[in-house]
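These numbers come from a predicted model, not from an experiment.
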Amino acid sequence: MILVCLYVDDILLTGSCPNDIIKFKEVLMNELEMTDLGNMVYFLGMEIMYSEKGILLHQLKYELELLKRFKLQKCKVVVTPSETNHKLDSDSDGDSVDATTFKQLVGSLRYLCNTRPDIFYAVGIVSRFMSKPKCS
């Protein structure tokens, strides 16, 4: 089996048999103008590290860019970013925040969940308040 992932002008090939992947690349190169860049090291904001134990995906560069973009570099690190049984309600009396910036932040955090499942619950909870975000 060979999996082909195409994003704009980038092709990512993976599969169960390295020899089949090499043959498939040769067929593609005969039909299309393309360059083989070897093993993937960066794809769609995810960095890939290879070791004898397996493959590690991380988004450290993306995380640091988000912290800088949303001016959150001085935030405190916590193990669990949210209490699991804490109920959040809409605060209609709270101060309005820029809805566009809030949606950009939540969307960026949702993408970060690809490699950070530990924040998935908290991001899901915050996502519920995207229509009229407020701060208290």
Side-chain angles (χ1 to χ4, degrees):
M1 176 183 358
I2 297 175
L3 297 173
V4 179
C5 301
L6 178 63
Y7 183 78
V8 186
D9 62 349
D10 291 328
I11 298 174
L12 171 64
L13 301 174
T14 188
S16 55
C17 179
N19 291 332
D20 288 344
I21 294 171
I22 291 169
K23 289 177 190 174
F24 185 69
K25 278 196 283 190
E26 289 172 357
V27 170
L28 285 176
M29 290 176 135
N30 287 334
E31 295 295 322
L32 305 168
E33 185 178 323
M34 62 181 269
T35 305
D36 183 358
L37 299 176
N39 281 343
M40 178 177 57
V41 291
Y42 193 79
F43 189 72
L44 299 178
M46 286 184 259
E47 295 180 62
I48 297 89
M49 297 173 62
Y50 301 89
S51 74
E52 293 176 8
K53 293 183 179 181
I55 299 172
L56 173 69
L57 293 176
H58 70 86
Q59 292 176 286
L60 181 59
K61 182 179 177 190
Y62 183 74
E63 288 179 46
L64 296 173
E65 288 171 1
L66 284 182
L67 291 172
K68 185 177 179 182
R69 177 179 172 195
F70 294 104
K71 297 174 179 64
L72 298 170
Q73 297 99 318
K74 295 183 182 180
C75 286
K76 295 180 183 176
V77 176
V78 294
V79 176
T80 305
S82 168
E83 295 179 37
T84 54
N85 294 321
H86 187 72
K87 302 290 183 207
L88 295 178
D89 294 319
S90 294
D91 181 4
S92 57
D93 297 331
D95 296 332
S96 293
V97 297
D98 181 9
T100 301
T101 302
F102 183 80
K103 289 175 184 178
Q104 289 172 346
L105 176 58
V106 172
S108 298
L109 290 172
R110 292 189 72 75
Y111 184 67
L112 189 59
C113 288
N114 287 320
T115 56
R116 293 287 310 271
D118 58 316
I119 65 170
F120 191 79
Y121 176 79
V123 173
I125 294 295
V126 171
S127 297
R128 297 178 185 175
F129 301 96
M130 293 198 30
S131 63
K132 293 180 184 174
K134 304 271 186 181
C135 68
S136 45

Any residue meeting salt bridge (charged side-chain N to carboxylate O under 4.0 Å, His left out) with K103, in chain and number order, not counting sequence neighbours: none

Quick one: list whatever passes side-chain contact (heavy atoms from CB on, under 4.5 Å) with I55, sequence neighbours left out. I48, Y50

Give a yes or no on this: more than 12 heavy atoms of other residues, nucleotides or ligands lie within 6.0 Å of atom OH of Y42. yes

Under the side-chain contact (heavy atoms from CB on, under 4.5 Å) test, residues paired with C5 that sit two or more places apart: L12

Who are the salt bridge (charged side-chain N to carboxylate O under 4.0 Å, His left out) partners of D36, not counting sequence neighbours? K25

Look at the side-chain heavy atoms of Ile, Leu, Val, Met, Phe, Trp and Tyr, link any pair under 4.5 Å apart, and say whether M46 and I119 land in one connected group. yes

Gap between atom CG of L13 and atom CG of L6 - 0.5 Å precision: 10.0 Å

Once side-chain contact (heavy atoms from CB on, under 4.5 Å) is applied, do any residues pair with L32, and if so which ones, sequence neighbours excluded? L28

Do I11 and F24 share a hydrophobic cluster (ILVMFWY, side-chain heavy atoms under 4.5 Å, transitive)? yes

Transitive ILVMFWY cluster of M49, excluding itself - 4.5 Å side-chain cut-off: L56

Partner residues of T115 under the side chain to side chain donor-acceptor pair (under 3.5 Å) criterion, sequence neighbours left out: Q59

Listed by chain and number, what are the salt bridge (charged side-chain N to carboxylate O under 4.0 Å, His left out) partners of E63, not counting sequence neighbours? R116

Contacts of T101 meeting side chain to side chain donor-acceptor pair (under 3.5 Å) (sequence neighbours excluded), chain-then-number -> D98

Tell me whether L57 shares a hydrophobic cluster with L37, the cluster being built from Ile, Leu, Val, Met, Phe, Trp, Tyr side chains joined at under 4.5 Å. no

Under 3.5 Å donor-acceptor pairs involving side-chain atoms of residues 66-74, not counting sequence neighbours:
unit_1: R69; atom_1: NH2; unit_2: Q104; atom_2: OE1; d: 3.3

Under the side-chain contact (heavy atoms from CB on, under 4.5 Å) test, residues paired with V41 that sit two or more places apart: none

Mind checking ring-ring contact (aromatic ring centres under 6.0 Å, His included) for F102 and listing every partner two or more places apart, or none if nothing turns up? none

